[in-house]
Amino acid sequence: MPGEEREAVEITVKTVGPARPTRVRVPSPIKVADLRRLVAAEFRLPAERLKLVLRGKTLRDKMEKNDGDEDVVINLEGGDSLIVAVVPKPPARHLRDGDDDDEEELKFQIPQSANWLKKRIFLFLHQKLRLPDILLMAIFSISLKAWIGIILWFLLAPVAQKWDIGPIYILVTGFLIILLNLGKRQHGDLSAYSIFNEDFRELPGTLNADRLDRDIRAGQF
């Protein structure tokens with residue numbers, strides 16, 4: 001640099017990773033931009049993605065001033081440690097857009113066809129109580145009848161405890177849950193047994209019209 005005497009000093013460059021620290025001789029004072037290019041050439045690293053840390057501060061190439069940006073010049077001393085890290089590349093734009101779409105999909109939105117009461121409850125839970133979307137999804141996925149049953153169960157639980165029938169109350173609740181969730185098989189649907197019985201063979205001992213006809217013809221009746 002004109003007007004300034006430059007001398008070579010030996011500093012220790014530590015790269016983030018398994019590589020060992022390396023001693024490098026660099027001129028001082030020196031522009032941060034020149035130091036960045038020197039380190040990039042020495043260690044074969046991408047200069048545009050290098051982050052330099054000296055004495056606990058991140059070095060910047062330019063400094064904002066009223067009359068424009070000015071190159072930052074630093075004075076290095078022998079024995080200084082310069083930490084070098086390579087900033088990872090940002091994801092491609094289409095990948096970032098995909099992440100945003102995924103985040104939008106994870107946000108719970110109440111259907112437009114919902115009644116006014118459900119919408120008011122949703123606004124209260126979402127805006128006032130600020131419940132997370134996963135909890136809102138669980139709340140609104142349960143039907144009104146199920147919520148009534150849950151509320152009644154908790155109201156009757158103290159009564160069952162008072163009459164010392166708590167275990168029976170829990171057992172009856174379990175059986176009711178099983179029975180109410182059995183569902184009905186529609187016409188043409190396969191049963192659970194039919195799934196594993198591809199040829200629809202009769203089980204031994206099955207009593208049906210064909211079996212009765214065979215027994216009558218064989219004189220067993």
Side-chain angles (χ1 to χ4, degrees), residues 1-112 114 118-142 147 150:
M1 272 179 224
E4 291 188 16
E5 185 180 352
R6 304 178 70 188
E7 60 176 348
V9 296
E10 190 175 63
I11 63 173
T12 302
V13 178
K14 301 177 180 178
T15 57
V16 176
R20 294 183 178 181
T22 304
R23 293 184 177 275
V24 179
R25 293 186 68 82
V26 296
S28 179
I30 184 174
K31 293 181 179 180
V32 173
D34 294 338
L35 178 61
R36 186 185 305 278
R37 286 191 290 267
L38 190 150
V39 171
E42 181 72 22
F43 294 92
R44 297 181 180 178
L45 298 173
E48 67 279 2
R49 293 194 288 118
L50 284 187
K51 183 177 183 180
L52 307 179
V53 180
L54 178 67
R55 303 173 193 143
K57 294 182 179 180
T58 302
L59 302 180
R60 301 186 181 277
D61 295 351
K62 302 285 185 179
M63 179 185 296
E64 293 184 2
K65 292 209 170 180
N66 295 333
D67 54 352
D69 294 341
E70 183 179 337
D71 291 332
V72 176
V73 180
I74 57 173
N75 290 304
L76 297 172
E77 299 177 0
D80 277 345
S81 293
L82 180 69
I83 299 175
V84 180
V86 179
V87 179
K89 288 183 179 181
R93 182 176 181 82
H94 69 279
L95 294 178
R96 294 198 299 270
D97 295 341
D99 292 340
D100 295 339
D101 293 340
D102 292 341
E103 291 179 0
E104 290 294 330
E105 289 178 1
L106 291 175
K107 292 182 179 179
F108 176 73
Q109 297 291 336
I110 193 167
Q112 295 295 330
K118 186 174 288 188
K119 290 180 180 179
R120 293 291 297 273
I121 294 173
F122 170 75
L123 292 176
F124 175 76
L125 296 177
H126 183 64
Q127 297 180 0
K128 299 293 184 180
L129 300 184
R130 297 187 180 278
L131 295 181
D133 291 333
I134 186 68
L135 186 56
L136 291 173
M137 193 179 303
I139 291 173
F140 285 93
S141 63
I142 300 176
W147 276 117
I150 292 171

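Residue Arg55 places its CZ atom among more than 12 non-hydrogen atoms of other residues, nucleotides or ligands, all under 6.0 Å distant. More than 12 heavy-atom neighbours from other residues, nucleotides or ligands sit within 6.0 angstrom of NZ on Lys119.
Side-chain contact between Ile30 and Ile74 is present, with at least one heavy-atom pair separated by less than 4.5 Å. Residues Leu76 and Leu54 meet the side-chain proximity criterion, which asks for heavy atoms closer than 4.5 Å. Contact annotation: the side chain of Ile139 never approaches that of Ile121 to less than 4.5 Å [non-hydrogen atoms, C-beta and beyond]. Val24 places a side-chain heavy atom less than 4.5 Å from the side chain of Phe43.
Under the side chain to side chain donor-acceptor pair (under 3.5 Å) criterion, Asp61 pairs with Arg36, sequence neighbours left out.
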For this session: For side chain to side chain contact (heavy atoms under 4.5 Å, CB included), just list the numbers for Leu82 and Leu59, CA-CA rounded to whole Å, side-chain angles, deciding distance to a tenth of an Å, and then say yes or no.
Result: CA-CA 10 Å; Leu82 180 69; Leu59 302 180; 4.1 Å; yes
Exercise. Yes or no on side chain to side chain contact (heavy atoms under 4.5 Å, CB included) for Val9 and Asp80, after CA distance, side-chain angles and deciding distance?
Worked result: CA-CA 9 Å; Val9 296; Asp80 277 345; over 6 Å; no
Problem set entry | Test side chain to side chain contact (heavy atoms under 4.5 Å, CB included) applied to Lys62 and Val72, step by step | CA-CA 5 Å; Lys62 302 285 185 179; Val72 176; 5.5 Å; no
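Taking CG of Leu136 as the start and CZ of Arg130 as the end, the distance is 12.0 Å to the nearest 0.5 Å. Note that CD of Glu10 and CD of Glu77 are 14.5 Å apart. Values are rounded to the nearest 0.5 Å. Put simply, CD1 on Ile11 and CZ on Arg25 are 11.0 Å apart, with the number rounded to the nearest 0.5 Å.
Contact record, Pro21 with Lys14: CB-CG, 3.9 Å, taken as the closest heavy-atom pair.
For the pairing with Gln127, the side chain to side chain contact (heavy atoms under 4.5 Å, CB included) check across Leu129, Leu125, Leu131, Leu123 returns one residue only, Leu123.
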